[in-house]
Amino acid sequence: MYKVLVTDDISPKGLEILNNDEMIDLDYQPEIKFNELLEIVKDYDAIITRSRTPVTKELLERAEKLKVVGRAGVGVDNVDLEEASRRGILVINTPGANTIGAAEITMAHLYAVLRKLHLAHKSMLEGQWDRKRFMGEELDGKVVGIIGLGNVGSQVAIRCKAAGAKVIAYDPYIPREKGERLGVELIDNLHDLIKMSDIITLHCPLTEETRNMIGKKEFDLMKKGVYFINCARGGIVDEDALYEAVKEGKIAGLGLDVFSKEPPDDRIRRLFEFPNISLSPHIGANTYESQDNVAIKIAQYVIAALKGQFVEVAVNAPFTITEGFENIKAYLELAEKLGSFLTQYAGGHFTEINVEVRGTIRDHIEPIVAFFLKGYLSPVLDTPVNIINAPFIAKERGINIIKSTREAGLNFKEFIKITAKAQDKEVVVGGTAFYDKLPRIMLVDNYWIDIEPSGVILMFENKDVPGVIGKLGTILARHNINIAGFRLGRLEKGKIALGALQLDDKLNEAVLEEIHQIPEIIKAKQVIL
């Protein structure tokens, strides 16, 4: 028998699954206080929580028998993942269980501001009958710009298309085939989508790349009278810039379910003074159906984990990189860095990725692929990615992973080569580990180059003529950014070269734009490893 403690309210449907399993001894205490939990947690094999219960280091230290922590929801901010991993405790959540709820609240906010339903409702409660005041707009015929075409964004696209809207989307990490399958036009440039859209709705994760992604510049590019909806993450939007855009009359209607600070502080609450703004307190997942799905899934996952079955949605890897892999530690690190490099350097839209492992390390291709996928997916997601759930997430995002092995390479005995393919491009990266200890990226497309995969790296293609490095150095010096190292690769003298500058500090958008103005620079991209 496995003793399972549920410390928060979950749907009866999940409790029923737990109760009906003959190997589960269920203890349901949804109101248990933390100090009481500390006293009894030592007796349980698994606990299931929501956001109310903090799973801290102190709790985990006292949980002598604990094997599994089940988080009934997506976020795991209340769980000490590092401590759980160190103790070999599997942490599981329920991704995708609230997709429909999140999509539908987006549509609710959208229709509310298009037709001013919230304002009309308030007017009626006040005893008024002012039909002329509530002239609205139709979704039919509008251009809806979706930023982030993942699970929720896809469902919003389906609903908007059903209403007669033209749907376009920006998501550099989604294969084009997915857009075609949904009847959605994928736009390569965020600013182009912003200029084209009558309605803009956000459905991307909060990552280093997306934080404050919608700021003053983006609001300035929007059409006058645009409708703006955010039911994704608050930190994606610069709320000061949003306030100014609404104040200036740029935005005709605003729908918000999420905020950078929750509950909102006075700075955010300034937005609430405007009339056509529809608000909700982060309730995208608050539907009976979503909560049923969450409870059912977490019950099934926890039971499977306790019985020793593979659970592909685990959010932590309950072992370290060195356990069982000491001899190939450098190659696992290399694989993860190659994945992160590929995503940041070449973007997404890849439908097929071939991971080729050469030399004696080919016997370890499975963990190498898992670590590569962890690196490839982590920069674009705000939920934990590890070597357990990375293959599942890749499959969910429509990426076909091909694994292949070869004998020792010609240039390097041990080598990892990644070939990523999409409809309109193919990108190759590869590397080795010097002395089996020092990871190096040695191949980028057709260029042989030697890059230490750490820190801030400015990758740039340029015309192979004198003076380019001098111009780059001048710009960086003007912004007080020091160069820590430089590598160059080229196919033919005087043609095109690929450079890699290791920098001491990150570049902001203004510096990158300045670098792009150098006539000899063909493209430049910042990569952070």
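Proximity of a side-chain donor or acceptor of Thr210 to a complementary backbone N or O of Thr207 within less than 3.5 Å is detected. Panel note: side chain Asp436, backbone Ala330; no donor-acceptor pair is recorded below 3.5 Å. A donor-acceptor pair is defined here as one N or O able to donate and one able to accept, closer than 3.5 Å; such a pair exists between the side chain of Asn386 and the backbone of Val315. Not one N or O on the side chain of Asn78 forms a donor-acceptor pair closer than 3.5 Å with the backbone of Pro54. One N or O on the side chain of Gln291 and one on the backbone of Ala285 form a donor-acceptor pair closer than 3.5 Å. A donor-acceptor pair under 3.5 Å links the side-chain atoms of Thr432 to the main chain of Glu414, judged by distance alone. Between the Tyr447 side chain and the Gly489 main chain, no donor and acceptor come within less than 3.5 Å of each other. Remark: side-chain polar atoms of Asn389 are paired, donor with acceptor, to backbone N or O of Pro384 under 3.5 angstrom. Glu104 places no side-chain N or O within donor-acceptor distance of the main-chain N or O of Gly101, the cut-off being under 3.5 Å. Lys421 contributes no side-chain N or O that, together with a main-chain N or O of Glu352, makes up a donor-acceptor pair within less than 3.5 Å.
The distance from the CD1 atom of Ile401 to the CD1 atom of Ile353 is 4.5 Å, given to the nearest 0.5 Å. Atom CG of Leu206 and atom CE of Met213 lie 9.5 Å apart (nearest 0.5 Å). To the nearest 0.5 Å, the span separating CG on Leu443 from CD1 on Ile449 amounts to 10.0 Å. Here the CE atom belonging to Met23 is positioned 13.5 Å from the CG atom belonging to Leu18, to the nearest 0.5 angstrom. Rounding to the nearest 0.5 Å places NZ of Lys337 at 13.0 Å from CD1 of Ile416. Separation of atoms CD1 (Ile146) and SG (Cys204) is listed at 11.5 Å; rounding is to 0.5 Å.
No side-chain heavy atom of Pro379 sits less than 4.5 Å from a side-chain heavy atom of Glu209. A 4.5 Å side-chain heavy-atom check between Phe460 and Ile515 finds every atom pair outside the cut-off. Put simply, the side chain of Leu66 does not reach to within 4.5 Å of the side chain of Asp45, judged on heavy atoms. You'll find the side chain of Gln502 stays beyond 4.5 Å of the side chain of Phe486, heavy atoms only. No side-chain heavy atom of Ile92 sits less than 4.5 Å from a side-chain heavy atom of Val69. For the pair Ile214/Leu202, a side-chain contact is recorded, criterion being any heavy-atom separation below 4.5 Å from C-beta on. For the pair Glu185/Val167, no side-chain contact is recorded, criterion being any heavy-atom separation below 4.5 Å from C-beta on. Between Ile303 and Ile24, the closest side-chain pair of non-hydrogen atoms falls below 4.5 Å.
In terms of heavy-atom proximity, Gly73 sits nearest to Asn93 at O-CB, 3.2 Å. For Lys178 against Leu149, the heavy-atom pair with the smallest separation is NZ-O, 3.0 Å. Pairing each heavy atom of Ile89 with each of Asn316, the nearest pair is O-ND2, 2.9 Å. The two atoms that bring Ile187 and Tyr170 nearest to each other are O-CD1, 3.3 Å, heavy atoms only. The nearest pair of heavy atoms linking Pro439 to Leu334 is CB-CB, 4.0 Å. The two residues Ala394 and Leu373 make their nearest non-hydrogen contact at CB-CD2, 4.2 Å.
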List the steps and the verdict of salt bridge (Lys or Arg N to Asp or Glu O under 4.0 Å) for Glu83 and Arg87.
-> CA-CA 6 Å; Glu83 183 66 18; Arg87 293 178 174 274; 2.6 Å; yes
Could you give me the CA-CA distance, side-chain angles and deciding distance for Ile457 and Leu529, then say whether side-chain contact (heavy atoms from CB on, under 4.5 Å) is met?
-> CA-CA 8 Å; Ile457 305 169; Leu529 298 175; 3.9 Å; yes
Before giving the answer on side-chain contact (heavy atoms from CB on, under 4.5 Å), spell out for Leu60 and Val55 the whole-Å C-alpha distance, their side-chain angles and the decisive distance to 0.1 Å.
-> CA-CA 7 Å; Leu60 294 170; Val55 183; 3.8 Å; yes
side-chain contact (heavy atoms from CB on, under 4.5 Å) between Ile147 and Ile200: does it pass, once the steps are laid out?
-> CA-CA 7 Å; Ile147 300 175; Ile200 296 172; 3.9 Å; yes
Step by step, would you call Thr94 with Arg71 a side-chain contact (heavy atoms from CB on, under 4.5 Å)?
-> CA-CA 7 Å; Thr94 55; Arg71 168 64 169 95; over 6 Å; no
Worked check of side chain to side chain donor-acceptor pair (under 3.5 Å) between Ser404 and Asn354 = CA-CA 7 Å; Ser404 59; Asn354 187 330; 3.1 Å; yes
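For Asp77, the CG atom is loosely surrounded, since the number of other residues' heavy atoms within 6.0 Å does not exceed 12. Counting non-hydrogen atoms of other residues, nucleotides and ligands closer than 6.0 Å to CG of Asn20 gives a total above 12. No more than 12 heavy-atom neighbours from other residues, nucleotides or ligands sit within 6.0 angstrom of NZ on Lys395. A 6.0 Å sphere centred on CD of Gln309 holds more than 12 heavy atoms belonging to other residues, nucleotides or ligands. Sparse packing is recorded around NZ of Lys13, with 12 or fewer heavy atoms of other residues, nucleotides or ligands lying under 6.0 Å away.
Pairs passing the salt bridge (charged side-chain N to carboxylate O under 4.0 Å, His left out) check and including a residue from residues 295-313, sequence neighbours excluded, read Asp21-Lys307. Judged as a salt bridge (charged side-chain N to carboxylate O under 4.0 Å, His left out), the pairs with a partner in residues 372-386 (not counting sequence neighbours) are, in order, Arg233-Asp382, Glu336-Lys374. Contacts classified as salt bridge (charged side-chain N to carboxylate O under 4.0 Å, His left out) and involving residues 438-461 (residues at least two apart or in different chains) are given here: Arg440-Asp450.
Salt bridge absent: Lys329 and Glu333 never bring a charged side-chain N and a carboxylate O closer than 4.0 Å. Ion pairing between a basic and an acidic side chain is recognised when a charged N comes within 4.0 Å of a carboxylate O; Arg181 and Glu177 show no such pairing. Between Arg362 and Glu407 there is a salt bridge, with a side-chain nitrogen of the basic residue lying less than 4.0 Å from a carboxylate oxygen of the acidic one. By the 4.0 Å N-to-carboxylate-O rule, Lys495 lies too far from Asp464 to be salt-bridged with it. For the pair Glu356 and Arg358, the salt-bridge criterion is met [side-chain N within less than 4.0 Å of a carboxylate O].
In this structure, Lys3 is positioned above the aromatic face of Tyr44, its NZ or CZ under 6.0 Å from the six-membered ring centre and within 45° of the axis.
No option in Glu426, Gln423, Lys425 other than Lys425 meets the side chain to side chain contact (heavy atoms under 4.5 Å, CB included) test with Phe350.
Defined by atom type and a distance below 3.5 Å, a donor-acceptor pair is present between the side-chain atoms of Ser11 and Asp292.
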